[in-house]
Amino acid sequence: MLLVLTGAPPSLAQNGGGSRIDRLLSQSSFNRATWGIYVEDRSGRPIYTRNADRLFVPASNRKLALAAAALALLPPDHRIITSVYASGPIRDGVVLGDLVIYGRGDPTFSERCYGLDTVSTGACETLWSRIGALADSIAHRGVTHIAGNLVGDGSFFDPVLVHDAWDAYDLNWWYAAPVSALGFNDNSVNVTWGPGTGVGVPPPVEFEPVLDNFEFENRARTVARGQRRTIDFFRHPGTMKIWAEGSVPLGHPGKTEYFALPDPNLYFAQALRAALERRGIRVSGQTESTTDSLRYRSARAMPPLVEFASRPLPDRVFPILNSSQNLFAEMLVKLLGKAIRGDGSWEAGLAVERHFLIDSVGLDPSDFRLSDGSGLSSDNGFTPRALAEIVRFMLQHSQRETFVEALPRSGLPGSLRDRFVGTSLEGRVVAKTGSINGVTSLTGYIEQPDGNHLIFAIIANGHRVSYRRALGQIDAIVRELDRGV
């Protein structure tokens, strides 16, 4: 049932905007989904609502709350320090002990753009640029040889690496990569595949970076042109044994995907070892990882050999909102817990965020439910009204500019790059996208010619249409909203 609130501007009520949206949602492909819509003007006056106070699974629209909390609670120039410690003395360039890399939640050791300026100029980080810079810093301290082990220490956060609400299959992929205080290449390996030279031939599979840190078995095969592509990748849980199975048809252009590895602290240490060895620094011992906060406590009590700063907070929020990077979000949740409560866990970080939403944004506790930081968990819940209120809060906040610049904008790089292009809404829709199985969402605002904003939240739960059809339906609703104001 459609509800147009009393006192709504005559544009929607009298121009038929509400009935047009009603007709869209009554179409047979969409009428079995549950729709939540809340629209308000910049003053906060509701214009149109539909199930606005009902809890919905928000998918990645959940990231709006996390980004708002981080921008409000952490200083704008906040940076994360990754420290390098030696467990023994250094003599003539030789570390007589282990070299320990102590992470504090920096996700930016990755191949990524950190702002629209980097996207437009091509000045994005490469896979090796930041970890190479860390290796350079170690070399500049005169280190030539590590007699002991090279250890990735992720004990700044709690040892729980995988959220218990995430699906077992998802744990194979970048969007559900394990979360620790060290992170390299989004805790995933790049996998590029394409068809083989003939039917029955295994498709070529290439990995980057090449660190010889896992076993791989290729069970996939090339099939005739026009047949279905079914290739998929799997990992025995908790191991470094990966295999491919399924088919790739001749003529398929191929694809690069991002496969998660189970121990981010070890992965970071393995990558750093390769970077050090390329600079002529030899490591005699093993490459190891730990989440035991006591193991190197005495080493951490000494001055660090190297301190390496992350990119500033706005650059870390940008991938969370613009390209919906899940690992950045999950590491930020744990970082909030550590920074505010001294506990780098999901529980602590979500508690910090919960208090912010209630005390600062003014949400009722029944308006939302937090499970993880990224929105991958279907246990998250937000009302459409609550999501819109978060956007309104940030449009009035001192960190408004950072928040807005991180949000996708229609027709520009980000998750709205291909939406509303060639229409009057190109460049005017600024909103966070969201999608998981059966859930599609979009929350943000439409810029109006008079400089005001029409703030909206649209969520569909329980639909069974394709991803593209769900996006098309939400975009049609946005177009109707723009017509009605």
Any donor-acceptor N or O pair under 3.5 Å, side chains [X], [Y]:
X	Y	answer
Thr49	Arg385	no
Asn213	Gln270	yes
Lys63	Ser324	yes
Ser180	Asn265	yes
Asp292	Thr290	no
Asp343	Ser345	yes
Asp98	Tyr296	yes
Asp372	Trp166	yes
Asn185	Ser110	no
Glu257	Trp173	no
Thr34	Asn461	no
Ser377	Arg62	no

Is [X] salt-bridged to [Y], going by a charged N under 4.0 Å from an acidic O?
X	Y	value
Glu288	Arg295	yes
Glu277	Arg282	no
Glu405	Arg400	no

Do [X] and [Y] have side-chain heavy atoms sitting under 4.5 Å apart?
X	Y	value
Arg419	Leu471	yes
Tyr85	Leu305	no
Phe56	Phe382	no
Ile81	Phe308	no
Glu447	Val430	yes

Axial cation check for [Y] ring with [X], 6.0 Å and 45° limits:
X	Y	answer
Lys338	Phe156	yes
Arg300	Tyr102	yes
Arg278	Trp128	yes
Lys255	Trp193	no

Identify the two heavy atoms, one from Cys113 and one from Pro319, that lie closest to each other, and give their separation to 0.1 Å.
O-CG, 4.1 Å
What are the two closest heavy atoms between Val391 and Tyr445, and how far apart are they?
CG1-CD2, 4.2 Å
Would you call the rings of Trp243 and Phe234 parallel, tilted or perpendicular if under 30° counts as parallel and over 60° as perpendicular?
parallel
Identified ring-ring contact (aromatic ring centres under 6.0 Å, His included) counterpart of Phe109 within the set Phe268, Phe184, Phe328, Tyr267
Phe268
With Asp106 as partner, the option from Arg130, Arg311, Arg316 fulfilling salt bridge (Lys or Arg N to Asp or Glu O under 4.0 Å) is Arg130
Please round to the nearest 0.5 Å and tell me the distance separating atom CD of Glu347 and atom NZ of Lys334.
8.5 Å
Identify which one of Leu376, Asn437, Ile436 satisfies the side-chain contact (heavy atoms from CB on, under 4.5 Å) criterion when paired with Asp170.
Leu376
Is there a donor-acceptor pair under 3.5 Å between the side chain of Asp167 and the backbone N or O of Tyr169?
yes
